[in-house]
Amino acid sequence: MHGDSARADTAQPNPFREPLPPSCPPRTASAVVADRVVYRLIRATPPCNDDFRSLRALRPEGAWDLDECQVRGLSVFDNTDAAANVARLPRMKSRIICRVRLHDGAGFIKKTSGPGHHTWWPFAGYDILARCEVT
Amino acid sequence: MPIRLTHTATLFFYDGIQVFEGRDRIGGHYVGVLVSDEHEDQLYAVVGVAPEQLQRFRLAEVDLATLMKQSVGDGWYIAKPVVAQEGTLAYSAVMQPDALPADYLPAPGFLLPGVPEVPSNVGRESAARGSLALVLGVESRIPSEEHRLNADTMGGLLINVQSLVKNGFRKSVARAGGLAKDTNRDNASLLDVAAGALPGSVRVVLVPAVAPDLFGTSPVSRGLEVVDYLLAEASDPQATLQRVREYSGHTAAAFVRLLKFIIEKDLAISYAWASPDRREVSERTLSKNEAVPLYALLSATASLATEPMTLVGRLRKIDVDSHAWRLQSSDGKEHSGKAREGVSLSGLVTDSAYTFYCEEATEEVTGTGREIRTLYLLAFTENPTN
């Protein structure tokens, strides 16, 4: 229904920004087809690619009791209040809220981990930095 | 000498575990916040917390900065995550001699969403039973070491959840159009409590009342998929309204009743469910803060919670004074109801043939889970050819 052929499959080239485990994104994730806006915290202006690297990409050897598919996605929020709340945490205090425009071809997204939080698995060809505006 | 903390809950996730809840070997409660992830190890600042304060923090009544300042008097720790032998997450925590650095504290105002953590390990519950398993978590305003919940509140919540799943299943079947004659349809959507209150939390495990087929498939899945769909954008009332419109009628009514119950009882819920025939675990949360605007919008939306019904048959009885009527439809079934305010029954003739345009509304008998359905006549036409 949502382009299952795009999901990670060892027999096909990986269309996603990062390598994903089999059956990731999950079937319950949706392909981004309609325009929408999400919010992510970045380290500085202008944004750079490091601001859009997953926990697994940043810590390849990390060991957690977490879903590997989610660890390879990007945390985003669907509202600025939630993003502003995160920016109060010790590791996030210096970060800036970036408004990211998503449209058809942005990848897959799924509601996860509490109100307003989503996990986004972007496609490799989606120009995130051009669509990230500091609020 | 480091102490070992068992990770008991991820309280806040953003690109990893930002805030966690843990317990030590003798059951003491701790809260940790990520303060460093620049080098090889992720480091957390951890404080021991009193259960009542932890509950207030989980319910978003106190912010993290206040919680930490209140708790740091008994000392604080730097903790590193480790993976325990059994594969679960734990932390090695070392007490620090110096005062907690200011930059290790969050800024004032960081609050949790106020909903319980989505239950984990539901996949194991499902696999162990070879059946669909739904784990329902509840957060209430009763601070307690034992995670207690008023019995009537839990009973009422289970009734509302069951009603929503049941009506979602029926609507899903009706939309598919292929299973109308499934004689197990009504029973197939009911859930049984398999494990009441898992240790350490107010969580219950629900399983289908009817055994799954040989592949572990349960019709309850269809009902839960509807619930997943309705709650997918719970923080956006307008988006949720559009989803609920697709399930207008009894399903929408059950959804609105659940929202009302959550608000009245001051609850927050989370759930996760898994089934042997599905690879992924579905999970959702709903806070009171989300329920309030949702309920306000949905309960004010006309015709959302009623099912349209058209009946063709012979009028058997009318009572103009009480606005009541009874009609026998062409399939031999008897239907009774009332006229909506403003609709007059005068002029109707018993034993004559009519088409009745009605809407069916449901109400729940409080505390029983039993639904009462009432037909309301909106308009009618006479059928002279019958």
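The figures here come from the full heavy-atom set of this structure, side chains too, leaving out hydrogens, waters and symmetry mates. Just so we're on the same page: letters track the sequence lines, and every chain starts at 1.
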Need one label for A/Leu89: side chain, backbone, both or neither, based on atoms under 4.5 Å from any heavy atom in chain B. both

Can we say B/Asp37 and A/Arg59 salt-bridge, meaning some charged N sits less than 4.0 Å from an Asp/Glu carboxylate O? no

Side chains of A/Asp78 and B/Ser235: any donor to acceptor distance under 3.5 Å? yes

Kindly compute the distance separating CG (B/Leu64) from CZ (A/Arg88), expressed to the nearest 0.5 Å. 11.5 Å

Against chain B, label A/Leu58 side chain, backbone, both or neither, depending on which of its atoms sit under 4.5 Å from a heavy atom there. neither

Considering only heavy atoms, which portion of B/Ala234 lies under 4.5 Å from any heavy atom of chain A: side chain, backbone, both, or neither? neither

Under 4.5 Å from a heavy atom of chain A, the part of B/Val82 involved: neither

Here the gap from A/Met92 atom CE to B/Asp15 atom CG, rounded to the nearest 0.5 Å, amounts to 6.0 Å

The reported gap from CZ in A/Arg36 to CG in B/Asp236 (rounded to nearest 0.5 angstrom) is 9.5 Å

Quick check on B/Val33 against chain A: is it the side chain, the backbone, both or neither that has a heavy atom closer than 4.5 Å? side chain

Parallel, tilted or perpendicular: which one describes the rings of B/Tyr14 and A/Phe77, with boundaries at 30° and 60°? parallel

Supply the atom-to-atom distance A/Leu55 CG to B/Gln42 CD, rounded to the nearest 0.5 angstrom. 6.0 Å

Applying a strict 4.5 Å limit to non-hydrogen atoms, the region of A/Arg56 in contact with chain B is neither

Should the heavy atoms of other residues, nucleotides or ligands under 6.0 Å from NZ of A/Lys93 be counted, would the total exceed 12? yes

